[in-house]
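One structure below.
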Amino acid sequence: MSEISFDKPDPRDFLGIDSLLSEEERLLRDTVRDFVDKEIKPNVADWWDEGVIPHEDLARKFGELGMLGMHLEGYGCAGTSATSYGLASLELEAGDSGIRSFVSVQGSLAMFPIWKFGSEEQKQTWLPRLAKGEVIGCFGLTEADSGSDPAAMRTNARKDGSDWIINGSKMWITNGSVADIAIVWARTDDGVRGFIVPTDTPGFTAQDIKKKASLRASVTSELAFDDVRVPDDFVLPGVASMRGPLSCLNEARFGIAFGAMGSARDCYETALDYSKERTQFDQPIASFQLTQRKLVEMMVAVQRGTLLALHLGRRKDEGKLSPEQVSFGKFDNVRNALEVARTARSILGANGITLEYPVFRHMANLETVFTYEGTNEIHSLVMGQAITGINAFT
Ligand SMILES: Cc1cc2nc3c(=O)[nH]c(=O)nc-3n(C[C@H](O)[C@H](O)[C@H](O)COP(=O)(O)OP(=O)(O)OC[C@H]3O[C@@H](n4cnc5c(N)ncnc54)[C@H](O)[C@@H]3O)c2cc1C
């Protein structure tokens, strides 16, 4: 009979989740964690405060690490498992959600559609340079008047001889003004098509959205298309419906189910350390029952969410993960990460509102993560439809 082990659990890995990872996964996880500790954590509060990031430098370094489009096969991509991509997302988001967004957008939203729906020539032209970080991509789906309902988009493209002419605008586009190419989704007579639009094409403009109080270490832009002319071989040939953009979003949302647990873990660990050092009433605040309850709630949420993400990763690697199950991960892990961040904020007291500690930054970032890639409500409706068979979107 196997017996209960009386070894004390590790406060940072209470359930021993590490033992569920392969040697290769642990190595990759440690490499990304090390990068985040050295290159991101010491700088990110200043980037966030100033609302700028060294995107070219980061793109090159991420490229050298093989993290751009890492879960894609061929064309200079690393070809890792989905679980490894998830673990990398988790470690990046322990640094900052904006930094994880940079890598998610490049890999899952700019490279994936080319990889999945592009011609052989498009793949050869763009994927190796995107993988190296020489070229930065963005993904234009959302518009000012169509967010949760992207099928209501107004941006359109019409055929003119062997060219296409694109008109319209996109809103809230990550990396929009620093991108070299934009994957633009537009309404056509044949359905919704994806276009690879080099951002130096005449008629293309990008304007940054300022005064953000969330995801500040990330560029967010409005794109405008005024008679932007692209040749026929810039359209992605493999899809002509909303299946195109939605399948990209599934890839990115999968990474977010892991990523949110990175922010949550950083908040929990910061609060744990702080509570043991900070004294009030001549005792460390960790000694108060109310604080211990908060720490336990946070630890349980982080461990449970990490297990969930890992389960989704394993299912994806087996080819069994459905979009509804991705919704489960995005829905549950992001709301729990927000709760963890808010609880950690309370443990840090006044220090919790400064950028000297990562907690408030994560908390503010997670408000974006709660909304983008399908809001919490939209993912509820996806799962609601799956369990009732009734569409409650309209
Ligand atoms: C920092 C940032 C970066 C982003 N990056 C990108 C990007 O790179 N590319 C891109 O294309 N987009 C991007 N987005 C856009 C993001 O995906 C949208 O903001 C999101 O889809 C929600 O759309 P919306 O903001 O228009 O809100 P709305 O759709 O207007 O929703 C407002 C509220 O109404 C609720 N709601 C809407 N419909 C329903 C319904 N049927 N039932 C119940 N409730 C409903 C929503 O859940 C939400 O609570 C980004 C957003 C942010 C904030």
Side-chain angles (χ1 to χ4, degrees), residues 47-48 51 53 55 93 96-113 136-155 168-179 181-187 192 194-195 197 199 206-225 242 244-253 255-256 259-260 263 327 330-331 334-335 338 361-362 364-385 388 390-394:
W47 298 338
W48 203 92
I53 57 163
H55 53 272
E93 199 147 351
D96 189 89
S97 304
I99 305 302
R100 196 268 309 138
S101 297
F102 185 95
V103 172
S104 295
V105 167
Q106 182 86 348
S108 291
L109 298 180
M111 295 173 70
F112 177 79
I136 295 176
C138 69
F139 174 88
L141 178 65
T142 304
E143 300 184 359
D145 294 332
S146 60
S148 298
D149 182 17
M153 70 174 71
R154 292 209 194 114
T155 298
S169 62
K170 296 287 175 184
M171 190 70 177
W172 302 109
I173 306 307
T174 302
N175 290 346
S177 69
V178 300
I181 58 167
I183 304 297
V184 179
W185 298 95
R187 186 180 285 289
V192 170
F195 294 83
V197 180
T199 55
Q207 188 127 35
D208 283 347
I209 296 169
K210 300 285 186 195
K211 299 192 176 172
K212 285 186 300 172
S214 173
L215 219 73
R216 289 182 54 75
S218 173
V219 174
T220 316
S221 320
E222 179 174 4
L223 310 182
F225 314 93
M242 284 303 291
L246 293 181
S247 58
C248 303
L249 291 173
N250 275 325
E251 294 295 312
R253 290 164 177 173
I256 291 172
S263 292
S327 286
K330 204 271 182 181
F331 169 87
V334 178
R335 68 173 178 175
L338 248 179
R361 179 170 49 77
H362 284 310
N365 285 341
L366 285 165
E367 291 292 346
T368 287
V369 182
F370 193 72
T371 287
Y372 74 5
E373 303 280 353
T375 65
N376 184 266
E377 293 78 10
I378 291 300
H379 289 295
S380 309
L381 297 179
V382 170
M383 290 187 286
Q385 184 172 6
T388 64
I390 303 168
N391 175 347
F393 285 87
T394 52

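Counting starts at 1 for both ligands and their atoms, following the listed order.
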**Asked** Once you round to the nearest 0.5 Å, how far does CD1 of I256 lie from CG of L249?
**Response** 9.0 Å
**atom 44 (N) of ligand 1: the protein heavy-atom neighbour that sits closest, reported with distance to 0.1 Å** = E377 CB, 3.9 Å
**Message:** Within the protein, is there a heavy atom lying under 4.0 Å from atom 20 (C) of ligand 1?
**Reply:** yes
**Request:** Look at ligand 1 and say whether E373 reaches it with a heavy atom at a distance under 4.0 Å.
**Result:** yes
**Message:** Nearest 0.5 angstrom please: K212 NZ to T220 OG1, how far?
**Reply:** 2.5 Å
**Request:** Mind running side chain to side chain donor-acceptor pair (under 3.5 Å) on Y372 and T174 for me, showing each step along the way?
**Result:** CA-CA 11 Å; Y372 74 5; T174 302; over 6 Å; no
**Request:** Side-chain contact test, heavy atoms from C-beta onward, threshold under 4.5 Å: evaluate it for F370 versus S214 and give yes or no.
**Result:** no
**Prompt:** Which residue owns the protein heavy atom closest to atom 25 (O) of ligand 1, what's the atom, and how far is it?
**Reply:** T371 CG2, 4.4 Å
**Request:** Provide, to 0.1 Å, the distance between atom 39 (C) of ligand 1 and the closest protein heavy atom, together with that atom's residue and name.
**Result:** I378 CD1, 4.1 Å
**Message:** If you scan the protein for heavy atoms around atom 30 (O) of ligand 1, do you find one that is closer than 4.0 Å?
**Reply:** no
**Asked** Nearest protein heavy atom to atom 36 (N) of ligand 1, by residue and atom, and its distance?
**Response** S148 OG, 4.4 Å
**Prompt:** Any side-chain donor-acceptor pair under 3.5 Å between E143 and T155?
**Reply:** yes
**Asked** So which heavy atom in the protein is nearest atom 23 (O) of ligand 1, and how far is it from that ligand atom?
**Response** G147 CA, 3.2 Å
**side-chain contact (heavy atoms from CB on, under 4.5 Å) between S247 and F112, worked out** = CA-CA 9 Å; S247 58; F112 177 79; 4.1 Å; yes
**Request:** Write out the residue and atom name of the closest protein heavy atom to atom 12 (N) of ligand 1, then the distance separating them to 0.1 Å.
**Result:** T142 OG1, 2.7 Å
**Item:** ligand 1-proximal atoms of T174, by part, heavy-atom distance under 4.0 Å
**Value:** both
**ligand 1 atoms in contact with I173 (distance to a heavy atom under 4.0 Å)** = 7 (C), 8 (O), 9 (N), 10 (C), 11 (O)
**Message:** Using a 4.0 Å cut-off to any heavy atom of L381, which atoms of ligand 1 qualify?
**Reply:** 40 (C), 41 (N), 42 (N)
**Asked** Which of the numbered atoms in ligand 1 are below 4.0 angstrom from a heavy atom of L215?
**Response** 1 (C)
**Prompt:** Do you see a donor-acceptor pair shorter than 3.5 Å between the side chains of S221 and D208?
**Reply:** yes
**Asked** Less than 3.5 Å between some nitrogen or oxygen of T220 and one of ligand 1, yes or no?
**Response** no
**Message:** For the 3.5 Å polar cut-off, considering only N or O atoms, please tell me whether T375 and ligand 1 meet it.
**Reply:** yes
**Request:** List the closest protein heavy-atom neighbour of atom 9 (N) of ligand 1: residue, atom name, distance to the nearest 0.1 Å.
**Result:** F139 O, 2.9 Å
**ligand 1-proximal atoms of Y372, by part, heavy-atom distance under 4.0 Å** = both
**Message:** I'd like to know if atom 51 (C) of ligand 1 has any protein heavy atom within a distance of less than 4.0 Å.
**Reply:** yes
**Prompt:** Can a protein heavy atom be found under 4.0 Å away from atom 17 (O) of ligand 1?
**Reply:** yes
**Request:** May I ask you to check whether over 12 heavy atoms, not counting those of Q207, lie within 6.0 Å of atom CD?
**Result:** no
**Message:** Would the distance check show the side chain of R253 and the main-chain N or O of S327 forming a donor-acceptor pair, the cut-off being under 3.5 Å?
**Reply:** no
**Prompt:** Any N/O of V105 closer than 3.5 Å to an N/O of ligand 1?
**Reply:** no
**Check: E93 and V369 side chains under 4.5 Å, non-hydrogen atoms** = yes
**Asked** Nearest protein heavy atom to atom 6 (C) of ligand 1, by residue and atom, and its distance?
**Response** W172 O, 2.6 Å
**Request:** Establish whether atom 2 (C) of ligand 1 and some protein heavy atom are separated by less than 4.0 angstrom.
**Result:** yes
**Request:** Carefully, step by step, assess L215 and S101 under the rule side-chain contact (heavy atoms from CB on, under 4.5 Å).
**Result:** CA-CA 9 Å; L215 219 73; S101 297; 3.9 Å; yes
**Request:** Please identify which atoms of ligand 1 are closer than 4.0 Å to at least one heavy atom of L141.
**Result:** 11 (O)
**Request:** Measure the CH2-CZ distance between W48 and R361 for me, rounded to the nearest 0.5 Å.
**Result:** 8.0 Å
**Asked** How far does CH2 of W47 sit from CD1 of I99, to the nearest 0.5 angstrom?
**Response** 5.0 Å
**Qualifying residue, where the test is side chain to side chain contact (heavy atoms under 4.5 Å, CB included) with I173 and the options are V105, L223, V219** = L223
